[in-house]
Amino acid sequence: MNLLVTGGTGFLGRHLLPRLATEHRVRALCRRPLTPAEIPGATEVVTGDVLDPASLTEAMRGCHAVVHAAGAVSHRLEDAEETTTLNLRGTENALAAAQAAGVVFFLHISTSGTLAISERDRPATEDSPPPTDLLYRWPYYRSKYFAEKLVFEQRKHLRVASLNPSLLLGPGDTQGGSTRAVRLFLEGRLPGVPPGGLSFVDVRDVADAALLCLKKGRPGQKYLLGSANMTFHTLYQRLARIARMDPPAVRMPGLMRHLLPLMPAKTLDLPWWMGGELDRIELEMASHFWYLDNSKAREELGWVPRDPNETLRDTVADILGGLYQAS
C-alpha cells in the first residue's frame, strides 16, 4: 500500500517510518528538502507543509492511506496561537487533501489527553466523555480535541480512525519535549513530586500500533494507547532505582490541583521546591490523573505493549548518553 506520513521527522515519526516501511511504500512529507537517505524508512520524500494545501494535494497523489502525525506540542500559553493553528488548520488541510486525492483511509495520531484526564485515579476508556472543563484550560489539549473532532466529522467521506497515545517515552527524543519529565529528574532539576499520576507508552509500541491499525483498525474508532498507569511518585521511585539516584525529596499535596489554576503561569512565581523547572501550567497538568484502559487496542488490534520498565530503562540510557556526550 502507498502511504503518506506527515510529521515524519518528529519523535514518533522517526520510529513510525521504518516500522510502516516493513509492509508498505512510505512517502514522507517534510517542510525542508531531504532525501530518503536522511529519513530512514522513507521510500520517497516530498517537500511540503500541512499549512500549504497545494503541497498536500500533490503529496497525497497516488496514496491509499495517510498517517497524519504532524502537529505542534507546547504547553506554554505564549505558544497557544501557533500550536492551535498547526494542529487545527493542519488537520483540516490534510483531510481536505485526502478527500481530493481519493485516499481510502486516514489515520490520525491524536493524544490520550482528549479523553483521559481526571481529578481522580480512574482509567478512561474510548467511551468516556471528554473532560472539556479541563481541555479548555490547556491550549495544546484543546487544539488536539478539536482536531480530533474535525477528523471524525469526515466519517461520511473518508474511512478515519485515531490512535490516542499517552506520554511518549523511549529512545530518540532528540528535541527533548516528550521525555522532559524524565530529563528534569535526571538533571536534578525536579525537587518536588507532583500529586497526580500519568500514563506512558513506548514510542516504538505506538509505531507498532499504527501498522496494526492500518490492517485491523475499524473505521470511526479511537484506540487509547498506554503501557502503564502510575503516580508521579511511583514513576520517580522507579527512575531513581534505574539511574541509581535519590528520588525527589518533596511530595506536593493533592490540594495543589485546586490552587494552581489561581496562580500566574510563570516558573518564577512558584517556590523552587515545588516545581524546579516546571511552570504553573505543567504543574497543574501533573496534579491530575491521566490513566487509561488499553483493552480496546489489545483486543481489536492485537497490540501488546512492552514491559514499562524496559521503556524507562531505555529512556534513561538514551538521555544519560546524550548528557554525557554534551559534557
Side-chain angles (χ1 to χ4, degrees), residues 2-17 20 24-36 38-39 41-76 79-111 113-114 139-155 157-165 168 174-175 177-178 203 206-207 210 213-214:
N2 295 325
L3 305 179
L4 176 73
V5 177
T6 70
T9 58
F11 180 31
L12 173 58
R14 287 191 297 274
H15 292 276
L16 192 59
L17 291 171
L20 295 176
H24 303 288
R25 293 177 296 278
V26 181
R27 181 183 296 166
L29 179 77
C30 296
R31 284 181 291 180
R32 57 190 179 90
L34 295 171
T35 66
E38 296 174 281
I39 308 181
T43 307
E44 181 185 358
V45 180
V46 294
T47 304
D49 193 314
V50 293
L51 296 181
D52 178 4
S55 70
L56 279 173
T57 300
E58 182 61 31
M60 292 185 189
R61 196 179 306 277
C63 288
H64 303 100
V66 171
V67 180
H68 180 50
V73 181
S74 176
H75 302 299
R76 301 192 308 170
D79 295 336
E81 183 176 354
E82 179 182 354
T83 299
T84 300
T85 297
L86 187 56
N87 291 342
L88 271 175
R89 190 182 301 166
T91 300
E92 185 176 34
N93 290 342
L95 287 164
Q99 290 183 45
V103 166
V104 175
F105 189 64
F106 189 97
L107 178 57
H108 180 58
I109 307 299
S110 187
T111 170
T114 61
Y140 168 70
Y141 290 103
R142 184 172 66 235
S143 72
K144 295 297 287 185
Y145 170 68
F146 283 110
E148 194 175 285
K149 282 178 67 69
L150 285 175
V151 171
F152 286 97
E153 286 170 358
Q154 299 303 313
R155 282 180 287 187
H157 311 289
L158 277 172
R159 294 174 61 208
V160 300
S162 76
L163 295 179
N164 295 61
L168 297 181
T174 56
Q175 296 182 343
S178 190
V203 64
V206 177
C213 195
L214 289 171

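All of these numbers come straight from a predicted model, not from anything done at the bench.
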Rounded to the nearest 0.5 Å, how far apart are NE2 of H24 and SG of C63? 12.0 Å

N/O donor-acceptor pair under 3.5 Å between T6 side chain and A70 backbone: yes

List in chain and number order the residues that pass side chain to side chain contact (heavy atoms under 4.5 Å, CB included) with A65, two or more places apart in sequence or in another chain; answer none if no residue qualifies. M1, L3, F105, L214

Keeping the roles fixed (side chain from S143, backbone from Y140), state whether a donor-acceptor pair exists under 3.5 Å. yes

Quick check: do V151 and H68 have side-chain heavy atoms less than 4.5 Å from each other? no

Do V206 and P165 have side-chain heavy atoms sitting under 4.5 Å apart? yes

Between R159 and V104, the two heavy atoms sitting closest are CB-O, 3.3 Å

Looking only at non-hydrogen atoms, find the nearest pair between L88 and A147 and report the distance. CD2-N, 3.4 Å

Would you please name every residue forming a side chain to side chain donor-acceptor pair (under 3.5 Å) with T111, sequence neighbours left out? none

Taking side chain as C-beta onward, heavy atoms only, is N2 less than 4.5 Å from R27? no

Looking only at heavy atoms, what is the nearest atom pair of V203 and L12, with distance? CG2-CA, 3.7 Å

Can we say R61 and E58 salt-bridge, meaning some charged N sits less than 4.0 Å from an Asp/Glu carboxylate O? yes

Quick check for you: to the nearest 0.5 Å, what is the distance between N87 atom CG and F146 atom CZ? 13.0 Å

So which heavy atom on I39 is nearest to which on C30, and how close? CD1-SG, 3.2 Å

Would you say Q99 has more than 12 foreign heavy atoms packed within less than 6.0 Å of its CD? yes

Give the ring-plane orientation class for F106 versus H108, where under 30° counts as parallel, over 60° as perpendicular and anything between as tilted. parallel

Can you find a pair of side-chain heavy atoms, one from N93 and one from V50, that are under 4.5 Å apart? no

Can you give me the closest heavy-atom contact between L107 and A210, atom names plus distance? CD2-O, 3.9 Å

Does a donor on one side chain and an acceptor on the other come within less than 3.5 Å for E38 and T35? yes

Non-neighbouring partners of Y141 that pass ring pair (Phe, Tyr, Trp, His ring centres under 6.0 Å), sequence neighbours left out: H75, W290

Over all heavy atoms of both residues, which pair between L17 and G8 is shortest? Give the atoms and the distance, please. CD1-O, 3.5 Å

Nearest-0.5 Å distance, OG1 of residue T83 to CZ of residue R142: 10.0 Å

Residues E153, L95; criterion side chain to side chain contact (heavy atoms under 4.5 Å, CB included); working and verdict: CA-CA 10 Å; E153 286 170 358; L95 287 164; over 6 Å; no

Output for pair (R32 CZ, T9 OG1), nearest 0.5 Å, gives 7.0 Å

Kindly compute the distance separating CD (E148) from CG (L150), expressed to the nearest 0.5 Å. 10.5 Å

What is the distance from atom CG of D49 to atom CG of L29, rounded to the nearest 0.5 Å? 7.5 Å

Between the side chain of S162 and the main-chain N/O of S110, is any donor-acceptor distance below 3.5 Å? no

